[in-house]
Amino acid sequence: MSATILTYHHVADAPPGHPRRDLFISPREFNRQMDFLKQDGFHVTSLDLIKNSLTGGEPLPHHTVAITFDDGFEDIFQNAFPILRAHGFTATIFVITGTLGAAVSQGDTSECERYLSAEHLRALSAADITIGSHSTAHRRLGNIPLDEATEEIVNSRKVLEEILGRPVTWFSYPFGSFNSEVARCVRNAGYAGAVSVIRDNRVKPSQVYYLPRVMVMPDATLLRFRYYFSALYSIIHRIKNRRRWGEYA
Ligand SMILES: [Zn+2]
């Protein structure tokens, strides 16, 4: 089924010398991309509606898109949230509970990464932005003992539910790292579904606990942004996905 789940990290101008400039989309570019979705008649929807459709509910309209942000940086509140609101778009933000409200220095730069606080999360949630879990400490869950992965999955959900006073039902694997046991653990912990870094703009019912996404790169011209939604994107990534993700792709 065609449904493109977009992945963003920072929406901000990349600080000079930042080690991960590939994670930054400028607010101007983000605004242009949202304008494009609006003007071209895309249906921006929630992960819940995509899951609902995958599990036998209403079919999705053609050109369905969901917008997700990983890591929960503060610039999402400052820069992306007003743009989403202006376009009437919903989104899901996956936050790391261990760094809520923190400022963490990055590599050799003097820059700090600032993370969303509990207060930000409540404001976003009240505005119908979905808050999901991106674990407590952002470890590679597919590579650590299952009891430690379970703690990351279960505790982060508990912390977020206490902050928000509502169920937290979506999970994003840090670094996209998971295996069948970790995915089962996410399901057993009460999540409705999870997103991965399998690269595709199509989703299958078997993938509710590792939904593929499309990572928006900072060099994405509008032409390239349009390509993210094309059949060509899916075909090109099919072979790579099979090689990297095997049965999950
Ligand atoms: Zn992450």
Side-chain angles (χ1 to χ4, degrees), residues 4-12 14-15 18-25 30 47 66-81 84 91-107 109 111-118 120-121 124 129-144 148-160 163 168-179 182-183 185-186 189 191 193-200 207 209-218 220 228 241 244-245 248:
T4 307
I5 306 174
L6 298 174
T7 309
Y8 293 92
H9 291 82
H10 287 282
V11 175
H18 193 287
R20 292 301 308 272
R21 293 176 69 84
D22 56 319
L23 300 182
F24 285 79
I25 305 286
F30 184 72
L47 295 175
I67 300 165
T68 69
F69 301 90
D70 274 10
D71 300 344
F73 296 114
E74 197 186 67
D75 54 58
I76 300 311
F77 183 82
Q78 288 153 348
N79 300 334
F81 180 44
L84 289 169
T92 303
I93 305 176
F94 292 103
V95 302
I96 307 157
T97 55
T99 48
L100 286 182
V104 178
S105 71
Q106 269 307 303
T109 61
E111 293 287 333
C112 278
E113 302 276 40
R114 298 193 162 277
Y115 291 89
L116 294 166
S117 66
H120 287 132
L121 298 189
L124 290 160
I129 300 290
T130 303
I131 307 298
S133 167
H134 197 38
S135 82
T136 57
H138 207 267
R139 303 172 66 197
R140 290 178 192 273
L141 302 186
N143 298 351
I144 62 175
E148 292 178 28
T150 304
E151 244 177 74
E152 292 275 323
I153 292 162
V154 171
N155 291 354
S156 57
R157 182 166 191 246
K158 211 183 295 168
V159 168
L160 289 175
I163 290 170
V168 168
T169 54
W170 285 92
F171 189 83
S172 168
Y173 301 104
F175 308 103
S177 168
F178 75 96
N179 54 40
V182 170
C185 177
V186 168
Y191 291 94
V195 293
S196 68
V197 300
I198 299 169
R199 296 278 170 252
D200 205 346
Q207 293 174 313
Y209 284 90
Y210 35 88
L211 288 173
R213 294 188 289 176
V214 172
M215 171 135 169
V216 181
M217 300 304 287
Y228 290 155
N241 283 334
R244 174 148 185 223
W245 298 104
Y248 305 114

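All ligand and atom numbering here is 1-based and tracks the order in the structure. Here the structure is a predicted model, which means the values were calculated and not measured.
The shortest distance between side-chain heavy atoms of V168 and V159 does not fall below 4.5 Å. At least one side-chain heavy atom of L100 sits less than 4.5 Å from a side-chain heavy atom of I163.
Taking 2.8 Å as the threshold, H134 counts as a candidate ligand of the Zn ion (ligand 1), since one of its N, O or S atoms lies below it. The Zn ion (ligand 1) lies at 2.8 Å or more from every N, O or S atom belonging to D70.
Between F73 and Y115, the ring centre distance stays below 6.0 Å.
With 3.5 Å as the limit, one finds a donor-acceptor pair spanning the side chains of D70 and S172.
Per residue D71, closest N, O or S atom to the Zn ion (ligand 1): atom name OD1.
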